Protein chains: 4
Amino acid sequence: MGTAVDPAGSRGRIDKRRAILDAAFAVFAREGYTQAGVDAIAAEAGVAKATVYNHFGDKETLLRRTIADLAEQALEQNLAAIERLGTPGDDLRALLEDVGLSLAHCYCDERSWTLRRLLIAEFAQFPDLLDVIWGRVNDRALDALADRLARLALAGRLRANDPVAAAEQFSALLSAPLDKRTRLGTRDVPEDEVRAVVTAAVATFLAAFAP
Amino acid sequence: MGTAVDPAGSRGRIDKRRAILDAAFAVFAREGYTQAGVDAIAAEAGVAKATVYNHFGDKETLLRRTIADLAEQALEQNLAAIERLGTPGDDLRALLEDVGLSLAHCYCDERSWTLRRLLIAEFAQFPDLLDVIWGRVNDRALDALADRLARLALAGRLRANDPVAAAEQFSALLSAPLDKRTRLGTRDVPEDEVRAVVTAAVATFLAAFAP
Amino acid sequence: MGTAVDPAGSRGRIDKRRAILDAAFAVFAREGYTQAGVDAIAAEAGVAKATVYNHFGDKETLLRRTIADLAEQALEQNLAAIERLGTPGDDLRALLEDVGLSLAHCYCDERSWTLRRLLIAEFAQFPDLLDVIWGRVNDRALDALADRLARLALAGRLRANDPVAAAEQFSALLSAPLDKRTRLGTRDVPEDEVRAVVTAAVATFLAAFAP
Amino acid sequence: MGTAVDPAGSRGRIDKRRAILDAAFAVFAREGYTQAGVDAIAAEAGVAKATVYNHFGDKETLLRRTIADLAEQALEQNLAAIERLGTPGDDLRALLEDVGLSLAHCYCDERSWTLRRLLIAEFAQFPDLLDVIWGRVNDRALDALADRLARLALAGRLRANDPVAAAEQFSALLSAPLDKRTRLGTRDVPEDEVRAVVTAAVATFLAAFAP
DNA sequence: TATGAATGAGCGTTCATTCAT
DNA sequence: AATGAATGAACGCTCATTCAT
């Protein structure tokens, strides 16, 4: 039974759906939700405007699916980076810097910035997005980080009575300086600078939480 | 007798301008720039739509003036708080916590959040806003903070070879946790919690930079 | 039977386009270009305002297409009348009167007057209309007339060394008196009066150009 | 009693009124009535917009006064030219050519063209203008011309049983070719060409009406 | 009288959405 | 399932006109 059957059959549908989601991401990222026209999204996806409506019903739903898409990917990447804290070697500083660098890259990713921009710009119109998305991504990633830090504390590698607060500060020392350095995601920052931010963040973090 | 003259003359102009700016702030904050209608702004200001255009020319200019207004106030408040670092007493920790609390209040202020929201939401459409506003506010406040920290270092009260980095981290330890706690400014945070964030921030900061 | 198929399919587009053009003619004629509202045109055509924009893009384009439409029809009618000068019989005066009467009717036609009114009223705003339309219609009709007169001269039926000048004067003797009689197209002129103008024009023309 | 009194007194009022009328002519000529803004007229006149309303009440009245102004001047010039037919010398052709040239210049005058453009463009909105102005100018000028031609006929210098028709045709042979040559007043025509038109008009006229 | 400010009605245009094919 | 055409509700902006000084 050859898998090559179905030339442009139900595969084409899925491809169109994917194309629309990608186009929506691109256009929303470029122009923002309100400014983006469904026309433009359809054009970028290479389909008719009505097809967008056949697949997603209305513009708001399209935004929600796009954001959910972005959030899922962002969470996945964050969790993958944080997980590595579960297998610490001898050099804790090096490990924290390694994980910190990964998190910094997650944070600076274009999709990650688009996600935050869309959320911040539109939560006045769709307040539930904040709870659903921010809760499912930021909070869960922070939770995972706190979990790992708690284990390290138990193992005597850190001195953190409040692992949630520690996670919060670790994250803060990474994200806020990157906000400034990337001018809210509008320009690329050379890798050296990212590394410097990470090194400084880990240094301060360890000064406060090393046993 | 005497002061009651000019019950609406020549003050009326200024008052209307002020009313429009305030209304613009309110409506932009509530609905975002693109979604906000000039109709709604005029209504909220209690003037005719055309009056808005007489004063500001077009919607974009109104946004720019509104943002400039917010930025000016935000900068002023931040600088006032930071200035207090110039007269340190014996208890550095207490001083840092005091200033940190003021900065936290600045950061949590509704106008401050609106400013950031508008910038983040609209910089795709008006890229220069980032440089003009973000540069004039965030960077200058950070500079002022770095200046004060440098003096403290010279006075032997801190150990900060790189005062800019120290300022960046002090600010990061305040703002990022508040982002999370206020859910991007969408809910009030009890004063205790703010204090806790400040205390933790100062603790970590001093752990890293106390001499 | 069989022709009743497609009661609104693919003809509907063309019909709507036609309806909009006709409505535009009517409203432009009634109110002039600037005064005419696209609302009114859409209403007169029985379509939504946006449909007008789907078909013509903007109001200016709608004016241009309307004018081009009128010009094409006017040129066609004029050329048809002039062509008859190519097959002269014995009675040249009768032929000239016949053709002159046709030209007079062309000139007095409502669409013809609207065309001139729109051109004269709007060429300040759209200067190219004069060249494009006036050139393609008036000049070509005058050329055709001059051609015919030249042939008649060659055949010895007229004495016209300068057929262009002769055509110009023939046309002048028709149009200018009709301008006055119809008060610039604002009132109908009884057929007798038109005939009188034509007779007088031909008389003067022949007095000057009969061999 | 010195006339030099009243420095900028009631004299200034009159000057402002004149300035507004001149500005109205200029702006109406340039942009047409509907398109012209009262703002623009006030600016061109160097007065405040409200001053225009103080003097003329509304835009329509301003148009009427402007048109009446133009019409009066046009009539005066036409009558002055026609009057010269009252004192014919020996050479009738030369006299007709001389008067014809004057009339041609009247016809080609910028103010004359503006008058016709405004009338043609706006008579749909203000139908009475046609009767009031066209009647008072064109008809009276044509009447005066017919009068002179009638006298010439009585004196045996012309053969015109119907002087009105003769006047109509004389005028037609001048105006219609000039319409074409000046492209409806949009370009200057060299004096030679005007003379050629006049010469040809007089030639045809005399061919038809010389005794 | 002359003005600067304010206004309300209206206009050209866009856009999310629906319908018939 | 996919499309092209059509729609109605807004929206940003303008303009003739009025009012208070």
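What you are looking at is a predicted structure, and each value in this text was computed from that prediction instead of being measured. Proteins come first, then strands; the chains are lettered A, B, ... in the order of their sequence lines, and each starts at number 1.
- Applying the side-chain contact (heavy atoms from CB on, under 4.5 Å) rule to C:Glu44 yields the partners C:Ala23, C:Ala26, C:Val27, C:Arg30; only residues at least two apart in sequence or on another chain are considered.
- Rounded to an integer number of Å, the gap from B:Arg17 CZ to E:dG4 P is 17 Å.
- Atom pair C:Ile41:CD1 and E:dC11:P shows a separation of 11 Å (rounding to whole Å applied).
- Inspection of the D:Asp69 and D:Thr66 side chains reveals no N or O donor paired with an N or O acceptor under 3.5 Å.
- Across all their heavy atoms, B:Tyr53 and B:Asp58 have their closest contact at CE2-CA, 3.9 Å.
- Under a 3.5 Å cut-off, the side chain of A:Thr61 and the backbone N or O of A:Gly57 do not form any donor-acceptor pair.
- Applying a 4.0 Å cut-off to non-hydrogen atoms, none of the residues of residues 61-69 of chain B approaches DNA chain F.
- Summarising the local packing, CZ of B:Arg65 is surrounded by 12 or fewer heavy atoms from other residues, nucleotides or ligands at distances under 6.0 Å.
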Can you give the dot-bracket line for DNA chain E, using ( ) for pairs inside the strand, [ ] for pairs that cross earlier ones, | for pairs with another strand and . for unpaired bases, where Watson-Crick and G-U count if both distances are under 3.5 Å?
.||||||||||||||||||||

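- Identified under the salt bridge (charged side-chain N to carboxylate O under 4.0 Å, His left out) test for residues 113-122 of chain D, with sequence neighbours left out: none.
- The nearest whole Å value for the distance from the CD1 atom in D:Ile20 to the C1' atom in E:dT1 is 12 Å.
- A:Thr51 and A:Asn54 share no side-chain donor-acceptor pair at under 3.5 Å.
- Side chains of B:Glu31 and A:Gln125: no donor on one and acceptor on the other come within 3.5 Å.
- Between E:dA6 and B:His55, a contact under 4.0 Å exists linking OP1 or OP2 to a side-chain N or O.
- Judged by distance alone, with hydrogens and angles left aside, the side-chain atoms of D:Lys49 form no donor-acceptor pair with the main-chain N or O of D:Ala43 at under 3.5 Å.
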Using a 4.0 Å heavy-atom cut-off to protein, can you give one letter per nucleotide of nucleotides 10-17 of chain F, 5' to 3': B if the base is in contact, S if only the sugar-phosphate is, - if neither?
B-BBBBBB

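- Partners of C:Arg64 by salt bridge (charged side-chain N to carboxylate O under 4.0 Å, His left out), not counting sequence neighbours, listed by chain and number: C:Glu60, C:Asp128.
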